[in-house]
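Taking it in order: structure first as C-alpha cells, then the write-up.
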Amino acid sequence: MTCHHCDSHKLIYLKKEDRYHCKKCRKKTSLFRQTWLRHVKISLTLFFKLLTAWMKEFPVAVAAEACGTSPVTVRRYYRLFRRYVVKSVVFKPQDNVQVDEAYFGQFKRQANYYHGFKKYVIIDKVCVAGIGCPRTGQLYARVIRETPKGNAIREMIQEQVPRDITVYADGSYIYTRLRSEYQLIQQTHDLGFHNAWFIEGCWSWMKRKLFKMYHHFDRRYSEEYIAELVWRFNTRKSPKDPWVALQNSF
C-alpha cells in the first residue's frame, strides 16, 4: 500500500481511526482511498448485507427491512453496485438475431373528480434498442436519446451484428433501410410473431425485474438501469457470488 498523496510506502496504521498516517507528507489515507469503496460510509457488515441483497434481487423495501436501514440508504448503495459491480458481457451473435425497440417509463395516475373521470398524465419514456440472439441466449441493449432514433439504431446494429447473420425485425422504416446490408425479414407482416419471441421475452423479463426491484424508472439513471438488467440477463444461468463480484469490480 502507498500513500495516495505522495506515493510513499512509509505508512503507520492508526487503529483508533482505522486509517494510515504517512511519515513523508504527514497526511492521512485509508485502505480503500483509491477504490470505489471510498464512497462507503457504513460498516462492512452492513455493506455486505446490502451487496448480498442486491445480488439476490431483493426489492428496496425488503432489503431495507432485512438490513435494518432506510430505503434511501438502500437506493444509494444499489446505485453504487450498478455503477461498479456491473460488467458488460461481450455480445457474440450466431446464425440470426432479433432486433426491436422498447420504451421504458411509467405513467402517473391523477384523479380529476371535477370532470367526472380519471385523467392519466403520460410521462416521457426512454427508448431502448435491443439485439437478441436466440442461439447464444445473449442480449445487447442501449438507451437511444438521439433524435431521430433511426440513425442511432441502425449504427448500433452495424456495430454489433456481422453482415452474414440474418436479422429479424418488424416493418418499421428503421429496419427496412438495412435491406442493402442485411438479409432482413419483416416478421410482423410476413412470417408472424414466432420470429420475435426472444426479443419480446427479453423486454418482458427486463420490465418485470425492473419494477420488482425498484418500483419505478428514473430517466436520469436510465443507462445504469439498462446496463444492470442486461448484465443480469446475460449472467442469469451463472452463479452470483458477492465476494467474486466485489473482487472483479476493482
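Although no hydrogens or angles enter the test, the distance criterion places no donor-acceptor pair under 3.5 Å between the side chain of K149 and the main chain of A129. Side chain of R76 to backbone of T73: no donor-acceptor contact under 3.5 angstrom is found. T52 contributes a side-chain N or O that, together with a main-chain N or O of F48, makes up a donor-acceptor pair within less than 3.5 Å.
The shortest heavy-atom contact between I226 and A141 is CG2-CB, 4.0 Å. Scanning both residues, V99 and A169, for their nearest heavy atoms gives CG2-CB, 3.4 Å. Nearest heavy atom pair, residue A152 against residue I144, reads CB-CG2, 4.0 Å.
For the salt bridge (Lys or Arg N to Asp or Glu O under 4.0 Å) test, residues two or more places apart in sequence or in another chain that qualify with E224 are R79, R82. Under the rule for a side-chain contact (heavy atoms from CB on, under 4.5 Å), the partners of V40 that lie at least two apart in sequence or sit in another chain are L37, I42, F47, Y77. Contacts of T136 classified as side-chain contact (heavy atoms from CB on, under 4.5 Å), with partners at least two apart in sequence or in another chain: Q94, C133, Q138. Partners of A53 according to the side-chain contact (heavy atoms from CB on, under 4.5 Å) rule, which considers only residues two or more places apart in sequence or in another chain, are F58, A63, Y78.
Within 6.0 Å of the NZ atom in K24, the count of heavy atoms belonging to other residues, nucleotides or ligands does not exceed 12. Heavy atoms from other residues, nucleotides or ligands lying under 6.0 Å from NZ of K23 number 12 at most.
For Y225 and Y214, the ring centers sit closer than 6.0 Å to each other. Note: W197 and W203 fail the aromatic proximity criterion, with ring centroids not under 6.0 Å apart.
Atoms CG and CG, from N234 and L139 in turn, are 6.0 Å apart once rounded to the nearest 0.5 Å. Note: I131 CD1 to Y168 OH = 15.5 Å, rounded to the nearest 0.5 Å. Expressed to the nearest 0.5 Å, how far CG of D100 lies from CD of E200 amounts to 5.0 Å. Residue H216 holds its NE2 atom at 4.5 Å from CZ of R75, rounded to the nearest 0.5 Å. Rounding to the nearest 0.5 angstrom, the gap separating the NE2 atom in H9 from the SG atom in C22 is 10.5 Å. For the atom pair L50 CG and T45 OG1, the distance stands at 11.0 Å (nearest 0.5 Å).
A heavy-atom distance below 4.5 Å is found between the side chains of V74 and T69. Side-chain contact between V126 and Y103 is absent, with no heavy-atom pair separated by less than 4.5 Å.
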Can you list the steps and then say if L46 with C67 is a side chain to side chain contact (heavy atoms under 4.5 Å, CB included)?
-> CA-CA 7 Å; L46 180 58; C67 299; 3.7 Å; yes
Criterion salt bridge (Lys or Arg N to Asp or Glu O under 4.0 Å) on E57 and K209, from CA distance to verdict | CA-CA 8 Å; E57 304 176 4; K209 291 288 183 180; 2.7 Å; yes
Show your working on side chain to side chain contact (heavy atoms under 4.5 Å, CB included) between K240 and T235 and close with a plain yes or no.
-> CA-CA 8 Å; K240 294 181 175 60; T235 60; 3.6 Å; yes
Determine, stepwise, if the pair R145 / S222 fulfils side chain to side chain contact (heavy atoms under 4.5 Å, CB included).
-> CA-CA 10 Å; R145 296 188 182 273; S222 56; 2.4 Å; yes
Which donor-acceptor pairs under 3.5 Å do the side chains of residues 153-163 make with protein atoms, sequence neighbours left out?
from, atom 1, to, atom 2, distance (Å)
R154, NH1, I174, O, 3.4
R154, NH2, N151, OD1, 2.5
Q158, NE2, E181, OE1, 3.1
E159, OE1, R142, NH2, 3.3

Would you tabulate the side-chain donor-acceptor contacts of residues 242-250 under 3.5 Å, counting partners in other chains and residues two or more places apart, or write 'none'?
from, atom 1, to, atom 2, distance (Å)
N248, ND2, V244, O, 3.2
S249, OG, W36, NE1, 3.1
S249, OG, L246, O, 2.6

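In this structure, K207 forms a cation-pi arrangement with F104, its terminal cationic atom sitting closer than 6.0 Å to the ring centre and no more than 45° off the ring axis.
Ring geometry for W54 against F81 counts as tilted: the plane angle lies between 30° and 60°, on a 0 to 90° scale.
A chain of hydrophobic side-chain contacts below 4.5 Å, direct or via other Ile, Leu, Val, Met, Phe, Trp or Tyr residues, connects Y175 to Y173.
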